[in-house]
Amino acid sequence: MMKMDSGLLGVAAGAAAAVGFMGYAVRGRSSTVFGESYYHADRTRPALALTFDDGPSETTPRLLEALEKYRVKATFFMCGENVRRCPDVARAVAARGHELGNHTDSHPRLDFKSPQFIYREMARAQETIQEITGAKPRWFRAPYGVRWFGVGQAQQLLGLSGVMWTVIGRDWRWPAARVSERVLNSAASGAIICLHDGRGVRPAPDIGATIEAVEYTVPRLQERGFQFLTLTQILCPKN
Ligand SMILES: [Zn+2]
């Protein structure tokens, strides 16, 4: 009986470890289990990368004004559906010199999806972004940071590298002050900061907290000596 119990315990512990490992593999910011992925850049260089997910949205133009004011270039992970809904905004983001990334077409969770589904989501976004803006994304960020079997292969086929984040602002939920505090407290050389200029693929009439947090934190971080770079500039300094 004792023996069986410990055996069962061993099985349970093994299962828990497997679940823990899968949780990390799928959502861990440093996980590369499902394909090449970055979550920070050179920690010795006083530079940061601002990244915005889920756009373009109806309110992105206001964010572009704020970034222009501080002469900041950022990276926008766009969803294909949003690009088709707001094509002029997508073109404006590219025209201002920001980098565009791929955030799937319809913003689904990718876990438990087939490799074919995952490839189609990534390929359709890639085609839409290229067709409408002329920019060819080289970075991919999975919705909710959830990767799965097939992401790595799709990345390779489409010429994409995965990017997670060092700091995520939770700006879709938190007020600007709390987002700003989190960003200011965790900003360090090489950090990739994730904020949002949309809300999934729904129209996003209000991203006020995001814009307010950008206007509050960017000048303070510049005063601390940080330079803001696009992902290609911060991850591939020779390009
Ligand atoms: Zn997203």
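Count residues from 1 along the sequence. Atom set for the values below is all heavy atoms of this structure, side chains included, hydrogens, waters and symmetry mates excluded. Read the numbers this way: they start at 1 and go in the same order the structure lists the ligands and their atoms.
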Checklist line | Identified side-chain contact (heavy atoms from CB on, under 4.5 Å) counterpart of Phe77 within the set Asn102, Leu100, Val163, Asp54 | finding: Val163

Checklist line | Single hit among Leu64, Ile129, Leu50, Thr51 for side-chain contact (heavy atoms from CB on, under 4.5 Å) with Phe76 | finding: Leu64

Notebook entry, point to check: Any N/O/S atom of His196 sitting less than 2.8 Å from the Zn ion (ligand 1), backbone or side chain?
Noted result: no

Check: Which is the closest N/O/S atom of Asp54 when seen from the Zn ion (ligand 1)?
Finding: OD1

Check: In His107, which N, O or S atom comes closest to the Zn ion (ligand 1)?
Finding: NE2

Next item on the list: Could you tell me whether the side chains of Ser31 and Tyr39 share a donor-acceptor contact shorter than 3.5 Å?
Entry: no

Item checked: Presence of N, O or S from His103 under 2.8 Å of the Zn ion (ligand 1) -> yes

Note to self: Working note: Ile168 + Arg29, criterion side chain to side chain contact (heavy atoms under 4.5 Å, CB included); need CA distance, chi angles, decisive distance, verdict.
What the structure shows: CA-CA 10 Å; Ile168 187 159; Arg29 63 181 184 165; over 6 Å; no

Notebook entry, point to check: Strictly under 2.8 Å, is any N, O or S atom of Asp53 next to the Zn ion (ligand 1)?
Noted result: no

Check: Using the ring of each side chain (for Trp, its six-membered ring), is Phe112 parallel, tilted or perpendicular to Trp148, with breaks at 30° and 60°?
Finding: tilted

